[in-house]
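Below is one structure, written out as structure tokens, with a few remarks after it.
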Amino acid sequence: RQPAKAKEMAQRAVEIGQRLKDDRLCAEASFALGMAQAQTLHVRETLESWQNAVAHARRADDLWLQGQPLTRLPHILTSLGRLDEAEAIAHEAGELIGTTQDWGNYSLTLSTLVCLAVARGDFATAERRTHETMLMVSRSRYPWGGSRALFAQACARALCGAWAEAEDILDLLVEPGRV
């Protein structure tokens with residue numbers, strides 16, 4: 001909750017990792033730096049930090065460390081309007097999750113696929129992906145993918161003029177224990 005301090009400390013950790021040629025440290029520090037940058041809406045910087053995190057995690061041959069930034073990259077790419085790239089990386093992240101079984105982070109990837117489907121007007125896919133996201137949320141108890149997917153699904157229903165159904169989705173967001 002101190003993004004300026006978080007950025008400073010993460011940048012120092014990246015520099016230490018580079019000096020030591022420690023890819024695991026660089027991966028974790030780059031991911032942390034990206035998280036701090038995301039909190040302050042520095043989207044391009046976040047993208048660069050998470051791409052660096054993935055590159056270092058791959059060099060370290062650590063699937064778990066690859067998963068954290070890889071599952072979040074599609075959302076950042078979507079924010080930048082790079083929808084095709086976001087979708088490709090989301091599918092890559094999904095394949096990786098099949099190995100690590102990190103269902104909480106997978107819910108983030110799936111929620112981005114919901115957003116992409118809504119942006120493209122493919123509301124049937126958005127509905128299916130929302131259901132998949134919520135399964136991962138219930139499995140992991142990690143809420144962030146669920147909230148993002150449900151907001152996108154509410155938007156899809158509103159775009160179709162299904163106002164009551166959009167409100168039903170929003171009700172899920174405030175239902176205790178649901179998300």
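Just so it is clear, the structure is predicted and the values come from calculations on it, not from any experiment.
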Subject >> Counterpart residues, side-chain hydrogen bond (donor to acceptor under 3.5 Å, both in side chains), relative to Arg141 (two or more places apart) >> reply: none
Original post:
What heavy-atom pair brings Ala156 and Val118 nearest, and what distance separates the two atoms?
Top reply: CB-CG2, 3.8 Å
Original post:
Going from CG on Asp102 to CG on Leu70, what distance comes out if it is rounded to the nearest 0.5 angstrom?
Top reply: 11.0 Å
Original post:
CG of Leu63 to OG1 of Thr100: how many Å apart, nearest 0.5 Å?
Top reply: 7.0 Å
Subject >> side chain to side chain contact (heavy atoms under 4.5 Å, CB included) partner of Thr133, chosen from Ser138, Ser107, Ser147 >> reply: Ser107
Original post:
Does the Arg128 side chain pair with the main chain of Ala124, one donor and one acceptor, at a distance under 3.5 Å?
Top reply: no
Subject >> Val137 and Tyr142, any side-chain heavy atoms less than 4.5 Å apart >> reply: no
Subject >> side-chain hydrogen bond (donor to acceptor under 3.5 Å, both in side chains), paired with Gln153, selected from Arg148, His131, Glu127 >> reply: Glu127
Subject >> NZ/NE/NH1/NH2 to OD/OE distance under 4.0 Å, Asp84 and Arg120 >> reply: yes
**OP:** Please report the shortest heavy-atom distance between Cys26 and Gly17, naming the atom on each side.
**Re:** SG-C, 3.2 Å
Original post:
With the threshold set at 4.0 Å, does a side-chain nitrogen-carboxylate oxygen contact exist between Arg82 and Glu87?
Top reply: no
Subject >> Nearest-0.5 Å distance, CG of residue Leu65 to NE2 of residue His56 >> reply: 11.5 Å
**OP:** Please name the pair of heavy atoms, one in Ala6 and one in Ala36, separated by the smallest distance, quoted to 0.1 Å.
**Re:** CB-CB, 3.8 Å
Original post:
If you measure from the Lys or Arg side-chain nitrogens to the Asp or Glu carboxylate oxygens, is any gap between Glu15 and Arg19 under 4.0 Å?
Top reply: no
Original post:
Shortest non-hydrogen contact from Ala154 to Ala166?
Top reply: O-CB, 3.5 Å
**OP:** Calculate, to the nearest 0.5 Å, the distance between atoms CG and OG1 belonging to Leu172 and Thr130 respectively.
**Re:** 10.5 Å
**OP:** Enumerate the residue pairs fulfilling side-chain hydrogen bond (donor to acceptor under 3.5 Å, both in side chains) with a member in residues 31-41, sequence neighbours excluded, ordered by first and then second residue.
**Re:** Lys7-Thr40, Gln37-Ser49, Thr40-His42
**OP:** Would you mind checking if Glu167 and Arg157 are paired as a salt bridge, meaning a charged N to carboxylate O distance below 4.0 Å?
**Re:** no
Original post:
How far does CD of Gln18 sit from CD1 of Ile16, to the nearest 0.5 angstrom?
Top reply: 10.5 Å
**OP:** Please determine, by modelled atom types, if Arg72 and His75 share a side-chain donor-acceptor pair under 3.5 angstrom.
**Re:** no
Subject >> Cluster companions of Leu116 among Ile, Leu, Val, Met, Phe, Trp, Tyr (side-chain spacing under 4.5 Å) >> reply: Leu83, Ile97, Trp103, Tyr106, Leu110, Leu113, Leu135, Met136
Subject >> Glu92 side, atom CD; Leu73 side, atom CG - distance, nearest 0.5 Å >> reply: 9.0 Å
